[in-house]
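No experiment lies behind these values; they were computed from the predicted model shown. Chain naming here is simple, since letters A, B, ... match the order of the sequence lines and numbering starts at 1 in each.
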2 protein chains.
Amino acid sequence: MRAHRNRPTIYTVARHAGVSIATVSRALSGGSRVREETERRVVESSLKVGYRPNGAARALQRLRHGSIGVVFPNLSRPYYAGVLMGVEEAANRLGLSVLIAGTQGRPGPEQLVLDLTSKVDGLVVFGRTVPDEMIAELRRQGTPTVLLARPRVDGEDTVRSENREAARALAAHLLEHGHKSIGFIGDTHSSPDCAERWSGFLAAHQEAGLAGPAWPELSALLEAEGYQVALRLLGADNRPTALFCANDDIATGAYAAARELKLRLPGDVAITGWDDVPTARYFSPPLTTVRQPLAELGARAAELLQARVEGDESEPVNALLPTEIVFRASCGCRSRRRPRGGASS
Amino acid sequence: MRAHRNRPTIYTVARHAGVSIATVSRALSGGSRVREETERRVVESSLKVGYRPNGAARALQRLRHGSIGVVFPNLSRPYYAGVLMGVEEAANRLGLSVLIAGTQGRPGPEQLVLDLTSKVDGLVVFGRTVPDEMIAELRRQGTPTVLLARPRVDGEDTVRSENREAARALAAHLLEHGHKSIGFIGDTHSSPDCAERWSGFLAAHQEAGLAGPAWPELSALLEAEGYQVALRLLGADNRPTALFCANDDIATGAYAAARELKLRLPGDVAITGWDDVPTARYFSPPLTTVRQPLAELGARAAELLQARVEGDESEPVNALLPTEIVFRASCGCRSRRRPRGGASS
DNA sequence: GCCGCCAATGTAAAGGCTTACATAGGAGCG
DNA sequence: CGCTCCTATGTAAGCCTTTACATTGGCGGC
C-alpha cells in the first residue's frame, strides 16, 4: 500500500552515473559548473532509469510550489472555461502549474479553498465564489490572491473586463433603433459583472431621458431560466420590443421563447446577448453581443499573481480590460457591419 | 525575493501552544492520542497564527502528492469542460487535487506531460493529446495513467463512452425516415470517438443494404469548419437529404449553412449532432443528438486512477459508458418524444 | 511502598531536493 | 619546483511534515 513502485530518485541517477547527487542536480537543472562529459553521462543515466524529479521535494527546498490555484463555480459556461484556458496558458508560459477547484454543488467553498492553499503559491478567485471574509483570511495567511470579475476589494488585486460603458453603449444602440421598452434579463445579485451591465443599461435610459424598467428581470445565467423569463415577458400585454440579455445563454433561451410565441426576430423583438460564444454568429438571426477578452483576463490574472508571489509589494492593481460590442443582426442592424456611431467600447 | 512573507510552520504553532511539533501534527491530523484540552489549545493556536500545513512537506513525507493531472486539448468545446468537471468533482470527493494541462497550441505535449509527472500521482489523458510512445514512457516511469475517449492500448486503463452502437442506431433512424443519401461530417483521423461513429454509421447502411457514402466528409470539430463543409455538400447537385454531424458544434455550422441555402429543416435536410450541448434543445428545430455521460466519464477516470495510485494491480479496465440518443425535431421526428423502435443505446 | 503499565507527549529520523561551503587536483606563474 | 587560484565535484545542512520509538509521570495492584 506504499508507493506502488519505488520511483527512481536523484540517488538512483547518481549511483548509475557514478557521481554525487549534487552533480546530478546541477547537471539537470543548474546548468552550471559541470563538465560537458559529466553532464552527458548524467542526462543519459537519468533517461535510462526513467528519473523524474520529485516536485514535492523540490517545492519544499525552493520554498515555492510552482503552482497556482483557480477557484470558479463551474465550467459549463464557456465564459469560465475560456478564462481558465487563459490562466493555464499564461501559467504554463511562466513555468507554473494550475490547480483547479469548482465550488458549484459543494457544501462550502471555505474548506476547499483552505485545502488549496496548502499546495499553491497563490490563488485566482472568480466573482463571488468565495466570501469576503475568506479573502481577508487568505491575506492574513499570506496567500497572494487575485480577484477576477469582481468589484474592487480593499487592498486586493483585481482583474475585470469593462461592463458598464459597453452596456450603456449597447442599450443606447437599442434605443436608437427606436425601442422604447427594453427588458433586462440577468442575475444582478450574484454576478457583479451583471450588476454593472444593469447599471450601464440604466445610464443609457437616463441619457435618453427615459425611465427604463424599474428592475432587472432576475434569472440565473442559464438557457432554461432565460427561456422562462423571456416567455413571461414576451407573453405579457405590454411586452417589451427588445430584450437585453446578460449573457448569450440567456439570449439562447430568449430566442426559443420568441419563436414559441411566433414573434419575428428582430422585427417583433430585438435580442442582444453578452460573451460572444462561438455559436453566436450562427444564431438565426446572428446574435449581437459583447465580446470579452477571455484569454487575456486569465492571462493578466496569472501574470499579476506571479508577480505577487515573487514578492512584488507595489500598490494593488485594478485592471480593467476593454470589451467590444459585436453588432450582428439580432439588434435590428441589417448587416454584420458595425453601425454608424463608434458605439464599441 | 524569497518567500514574500514567511508563512507560519508547524514550529510556529508548537511554540505558540507550548507543545512539540509532534503533538501539533497529531492534534491537527492524527486525531489520536492527544488530551482533549491540548487539542483545543493547538487548534486555537493554529487558527491564531494562521497556520496551513505545507503541502509539499506533507507530500514528501507521505510519498504521495495527493494530486492527479488531466491532459486535454482545450476547454472551448463543452465536451472537455464537462468531463473535466466530472474529474474534478470525483477527485475532490476522494481528497485529491486536480492539475490541468492543455496541449492545444503548445509546441509538443511531451515536455508538458513530463513536467506534470513531477507533481502528480497519476494522469488522466484525453484522446490523442499525447502520442502512444509517451504513454509507454509514463508506464515505464511508474506514473499510473488512465486513457479517456481513446481506443484500448495494451495494458492501460481506458474509459470511453459507447459510440458505435449509438451511431448505428441513429443512422438507422435517419434511414427509416426515408433518407437515402446521408452525409457524415467529422474528423475521423484525429478523434477516435469520431472514427467509431463513422463505423457505426456505415454499419447501419450495410444492414439496410445500402452503400452509403464512401468517405466521411472531413472537418475539424468546430462550427466554422462544419459550416464550410455543409455549405459545399448542400450546395452540390446531388445534395444529401440528411447530415450526420460528429458533434453539435458542426451541427451548428450545418444549420447556418442550410439556412443560408434557404433549405428548410428538417423538411429539406435533416441534421443530427452529438454531445447534447445545453443549447441543443433550443435550436430551431431542436437538435436530435446523442448524450454522453460527461461527468461520469470524468468521475470513472478519477476513481480508476485513484485505485491504481493506491496500488491496485488488477487487470487493466476498459470501461464503456452508455450513451443515449435524444430524439428531437431536427431528424424529422414531430415531437420531442422518442420514436417507435428502442433505438437508444 | 514499589513495580509495571498505560496514556500523553517529546525526540529524532526520514522523505528527495538544492545549494553553501569544503575539497581536490591541475594549470599557470615566478 | 612550489605556490596560488580556479574549476569540477563532493559533503552536508536544511526545507516542513509525519511517525516510530523514547520518555515521563501517574495510577492500580500487590
| request: Might you work through the salt bridge (charged side-chain N to carboxylate O under 4.0 Å, His left out) test for R140(B) and E137(B), ending with a clear yes or no? | output: CA-CA 5 Å; R140(B) 202 172 71 86; E137(B) 174 64 19; 3.2 Å; yes
Under a 4.5 Å cut-off applied to non-hydrogen side-chain atoms, are [X] and [Y] in contact?
X	Y	value
R7(B)	T143(A)	yes
L294(A)	M85(A)	no
M134(B)	V125(B)	no

What is the distance, rounded to the nearest whole Å, between atom [atom1] of [X] and atom [atom2] of [N]?
X	N	atom1	atom2	value
R62(A)	dG16(C)	CZ	P	17 Å
R41(B)	dA8(C)	CZ	C1'	12 Å
L63(B)	dG16(C)	CG	C1'	10 Å
Y11(A)	dT18(C)	OH	P	11 Å
E36(B)	dA7(C)	CD	P	16 Å
L60(A)	dT18(D)	CG	C1'	13 Å
R15(A)	dG10(D)	CZ	P	14 Å
I10(B)	dT11(C)	CD1	P	14 Å

| message | Ignoring hydrogens and geometry beyond distance, is a side-chain donor-acceptor pair present between D312(B) and S314(B) at under 3.5 Å? | response |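 Yes, S314(B) and D312(B) have a side-chain donor paired with an acceptor closer than 3.5 Å.
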| Residues D115(B) and Q111(B): side-chain donor-acceptor under 3.5 angstrom |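 Their side chains do contain a donor-acceptor pair, which is all the 3.5 Å distance test asks for.
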Would you indicate, yes or no, if [N] has its OP1 or OP2 atom less than 4.0 angstrom from a side-chain nitrogen or oxygen of [X]?
X	N	answer
R35(B)	dA8(C)	no
R58(A)	dG16(C)	no
Y51(B)	dT17(D)	yes
T38(A)	dA8(D)	no
S25(B)	dT18(D)	yes

| request: Tell me, with the steps shown, if E36(A) and R40(A) meet salt bridge (charged side-chain N to carboxylate O under 4.0 Å, His left out). | output: CA-CA 6 Å; E36(A) 196 166 336; R40(A) 202 166 28 72; over 6 Å; no
| message | Need to verify one output field. Residue with the more 5' nearest nucleotide on DNA chain D, I21(A) or R52(B)? | response |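 First, find each residue's nearest nucleotide; the 5'-ward one identifies I21(A).
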| request: Under 4.0 Å between any heavy atoms, over every strand shown, what does S20(A) touch: base, sugar-phosphate, or nothing? Just pick one. | output: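 If one applies the 4.0 Å heavy-atom cut-off, S20(A) turns out to touch a base.
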| Which atoms form the tightest heavy-atom contact between P109(B) and T129(B), and what is the distance? |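 In this case the closest contact between P109(B) and T129(B) is CG-O, 3.4 Å.
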| Nearest-nucleotide 5' precedence on DNA chain C, A56(B) against V19(B) |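 Result of the comparison: V19(B).
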| request: Between A57(B) and T23(B), name the one whose nearest nucleotide on DNA chain C is closer to the 5' end. | output: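 Per heavy-atom nearest nucleotide, the more 5' residue is T23(B).
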Answer yes or no: side-chain N or O of [X] and base N or O of [N] forming a donor-acceptor pair under 3.5 Å.
X	N	result
Q61(A)	dG14(D)	yes
R64(B)	dG15(C)	no
R26(B)	dG10(C)	yes

| query | Bend angle of the helix from dG1(C)-dC30(D) to dG30(C)-dC1(D) from five-pair axes at both ends, rounded to 10°? | reply |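 Both end axes considered, the difference amounts to 60°.
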